[in-house]
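Protein chains get the first letters and strands the later ones, always in sequence-line order, with residue 1 at the start of each. Quick caveat, the model's predicted, so the values are computed rather than measured.
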Amino acid sequence: MNPLRNLHLLPRLWPMLRRHPQLALLAVLLLLGWYAAELYYLRPQLSYLGTPQATTLHPATWSRTLRNDGFLLGYSDLRSNPLWVSYKLTPVAKDAKRLKRPQRFKRDWRTLTMVGHDDYRGSGFDRGHLAPNYAISRLYGRGAQLDTFLMSNITPQRPKLNQKLWQRLEEIEVDVFARRFGSLWVTTGPIFDGKIERMKSAMRVEIPDAFYKLYAAPPKKTGDAPQLLAFIIPQGVKGTEALDRFVVSVDEVEQRTGLDFFHILDDQQEQQLEAKQGGSSWRLKEVANRPGRY
DNA sequence: TTTGGTGT
């Protein structure tokens, strides 16, 4: 249920609050409790070592956290783009229920600009999922699948990137990495540098220059360090490139996005891990040239 | 099995 749809009930509450001011206190306490549950219980279940934090005062790096079934997302109403999306992958069971792909993408009523399916029509850009349909729907069910088709989870991607290189990455992360490590946290989003470019449709969605993908495999023993692997992939790829060409450090993603990832890591460990490029445990070479499906 | 487009 969308709480915004019930705003018209507010004026009717006023006379009641005047008679029983203690109700206002109760309402405030309930709101605080709900927000505390969001911050300390619900969001941590959908993110690893903290949600990405803006490191600049630039409003274009600010985002509102939207919680969905199976994934968490930081949305920028200024850019009409999600700035980060995080989800947890585990191996998909062979008998996981196959869910039909919805025909259309849906407007997300929680966003201010409420971008719709048709705002991307004729733009030359695909509606690119950040939280992927396949893995999320198999792991978390129909409700989660429908959430991945919300336009708040969508960003403009060139067809060759979306249908080729991004698809290869999405296949490898769940079929290879999640299987190998048992569980894998993914954080992904767009990168904007320099000049602001927007789509011509009414909602003027801003067009990213590149995209990042961060993989974090939690340590087997507590106290050990997680394994990290980071990519930056430009819009202009052909789609057939070897994936290892795009490996970067987490630090580089942080510089290009103005976000701080995994901020709960202890500072010394964070500095060491994030300066490094992905280690050998990913065995990326084995899959870097795996062909796409399309 | 996993990405999308168009037109109705």
Practice problem: Provide the full list of salt bridge (Lys or Arg N to Asp or Glu O under 4.0 Å) pairs with a residue in residues 207-224 of chain A, sequence neighbours left out, each pair given once. | Solution: Glu173(A)-Lys213(A)
What side-chain donor-acceptor pairs closer than 3.5 Å can you find for residues 18-33 of chain A, not counting sequence neighbours?
none

Exercise. Pull out every residue in residues 150-170 of chain A that has a heavy atom closer than 4.0 Å to any atom of DNA chain B, ordered by number, or say none.
Key: Asn162(A), Gln163(A), Gln167(A), Glu170(A)
Quiz item: In residues 95-105 of chain A, which residues come under 4.0 Å of DNA chain B by heavy atom?
Solution: Arg98(A), Arg101(A)
Pairs of donor and acceptor atoms involving the side chains of residues 153-161 of chain A, under 3.5 Å and at least two apart or interchain, shall be tabulated with distances.
unit_1: Asn153(A); atom_1: OD1; unit_2: Ala131(A); atom_2: N; d: 2.8
unit_1: Asn153(A); atom_1: ND2; unit_2: Ala131(A); atom_2: O; d: 3.0
unit_1: Asn153(A); atom_1: ND2; unit_2: Thr148(A); atom_2: O; d: 2.9
unit_1: Thr155(A); atom_1: OG1; unit_2: Asn81(A); atom_2: OD1; d: 2.6

Quiz item: Which parts of residues 171-185 of chain A get close to DNA chain B, meaning a heavy atom less than 4.0 angstrom away?
Solution: Glu171(A), Asp175(A)
Self-check item: Sugar-phosphate, base or nothing in reach of Gly122(A), heavy atoms under 4.0 Å
Solution: sugar-phosphate
Quiz item: Looking at Arg127(A), does any N or O in its side chain come under 4.0 Å of the phosphate oxygens OP1/OP2 on dG5(B)?
Solution: yes
Exercise. Starting from P on dG7(B), measure out to CG on Asp118(A) and report it in whole angstrom.
Key: 11 Å
Per-pair distances, 0.1 Å, donor-acceptor, side chain in residues 91-107 of chain A, under 3.5 Å, sequence neighbours excluded:
unit_1: Arg104(A); atom_1: NH2; unit_2: Asp118(A); atom_2: OD1; d: 3.4
unit_1: Arg107(A); atom_1: NH1; unit_2: Met114(A); atom_2: O; d: 2.7

Practice problem: Give me the other members of the hydrophobic cluster that Leu150(A) sits in, counting Ile, Leu, Val, Met, Phe, Trp and Tyr linked by side-chain heavy atoms under 4.5 Å, directly or via other members. | Solution: none
Exercise. Check for a donor-acceptor pair, side chain of Asp126(A) on one end and backbone N or O of Gly128(A) on the other, with a separation under 3.5 Å.
Key: no
Quiz item: Under the 4.5 Å side-chain heavy-atom rule for ILVMFWY, direct or indirect, which residues accompany Tyr41(A)?
Solution: Leu42(A)
Quiz item: How is the hydrophobic cluster of Leu72(A) composed, in terms of its other members, when Ile, Leu, Val, Met, Phe, Trp and Tyr link through side-chain heavy atoms under 4.5 Å apart, directly or indirectly?
Solution: Leu46(A), Tyr48(A), Leu49(A), Leu83(A), Trp84(A), Trp185(A), Ile191(A), Phe192(A), Tyr212(A), Leu214(A), Leu228(A), Ile232(A), Val248(A), Val250(A), Val253(A), Leu259(A), Phe261(A), Phe262(A), Ile264(A), Leu265(A), Leu273(A)
Quiz prompt | Quiz item: Arg138(A) side-chain donor-acceptor pair to dT1(B) base, under 3.5 Å | solution = yes
Self-check item: Arg168(A) (side chain) donor-acceptor with Gly239(A) (main chain) under 3.5 angstrom
Solution: yes
Exercise. For Thr113(A), enumerate each residue passing the side chain to side chain donor-acceptor pair (under 3.5 Å) test, keeping only those at least two apart in sequence or located in another chain.
Key: Ser80(A)
Quiz item: Which of these nucleotides, dG5(B), dG7(B), dT3(B), is closest to any side-chain atom of His129(A)?
Solution: dT3(B)
Quiz item: Going by the salt bridge (Lys or Arg N to Asp or Glu O under 4.0 Å) test, which pairs reach into residues 38-48 of chain A, not counting sequence neighbours?
Solution: Glu38(A)-Arg43(A), Glu38(A)-Arg67(A)
